[in-house]
Amino acid sequence: MNIFLANPRGFCAGVKRAINIVIIALKTYGKPIYVNHEIVHNTHVIKNLESMGVIFNKNINSIPEGSILIFSAHGTSKYIYKKAIEKKLKIIDATCPLVKKVHKEVSYASKSNFEAILIGTSKHPETEGTLGQYTNKNKKIYLIESIRDVLKLKIRNPKKLMLMTQTTLSFEKINPIIKKLYKIYPKIIKPKKSDICYATINRQIAVKNLLKISDSIIVVGSKHSSNSNQLFQITKKKIKYSILIDSEKEINNIKWIEKVESIGITAGASTPNTIIEKVIQKINNKNKKNKIQEMVGIQENIKFHLPKDLKKLKCG
Ligand code: SF4
């Protein structure tokens, strides 16, 4: 059997930075360290950090005054940020700089009296944080997920309207929605550079390349990871045998694995390399005649700096 490995796969620069921030904070300040929501959407990362003394928390009201609080890579709303300062929590912001880019666009729309439309997944922490950058009480930001939602919109002034998207969606998902929006609101302003981030785009290009040569695909990532899910959705539409798994433990449950001649393996931007390796090893151990091939792909050299004030904490 041929095993093809997508390139790139796994951790992106924003996820590496967020995890580094938590580890440095632990070393610098000791436990416990609180993180608002999961730092990134991966069960293994979360379990590992919990074992080191990190407490993941959705309700900042329950965090003791004066504690260290890290905002996750997904970002947070202005309201929660303000509440954390009022509670005298010591804040470290691990929001990915590419999520911050979208925050700035929403903030600009809010200050400039534009209404805004965000294409995103409801209840996802990134979406909630991005919606929470819009503070203009006289105007509105709308969250949409589908063409059906576009038809329900009641925009007050279509000439003052801006569009943003969640960073981890796919062009397959957003393009038909954007096309419909342009038809109804031709003056809508969209960002010069796509809000879908480089890591999401590169992993989607890589999985499409895998689809050309593999008759099955395994996406390694947690079920609630948005970019892992987008990879899975892309494969699901194209081939019969594709699955999203959280770890190598799920491999024995994949019934079609014995039937296929080739397997493409990819992983979402929050999946640790150790887990991807375990998946590759477990599949490889099933058959000694496997041929493993690393695909040629886009080189990623992006690195995000750590926050300068990691030691000089913002205190309430
Ligand atoms: Fe940042 Fe994209 Fe990685 Fe999310 S997936 S943390 S937006 S680089």
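Numbering of ligands and ligand atoms starts at 1, following listing order.
- Between S225 and N42, the side chains place no donor N or O within less than 3.5 Å of an acceptor N or O (distance only, hydrogens not considered).
- Considering N2, N290, D215 in turn, D215 is the only one that fulfils the side chain to side chain donor-acceptor pair (under 3.5 Å) rule with S262.
- Residues D246 and S222 bring a donor and an acceptor atom of their side chains to less than 3.5 Å of each other.
- Under 2.8 Å from atom 1 (Fe) of ligand 1, one finds the following protein N/O/S atoms: C96 SG.
- In summary, the side chains of K78 and S107 do present a donor paired with an acceptor at a separation below 3.5 Å, with no hydrogens or angles considered.
- For Q166 and T121, the side-chain atoms include at least one donor-acceptor pair closer than 3.5 Å.
- In this structure, H124 has its ring center at least 6.0 angstrom away from the ring center of H224.
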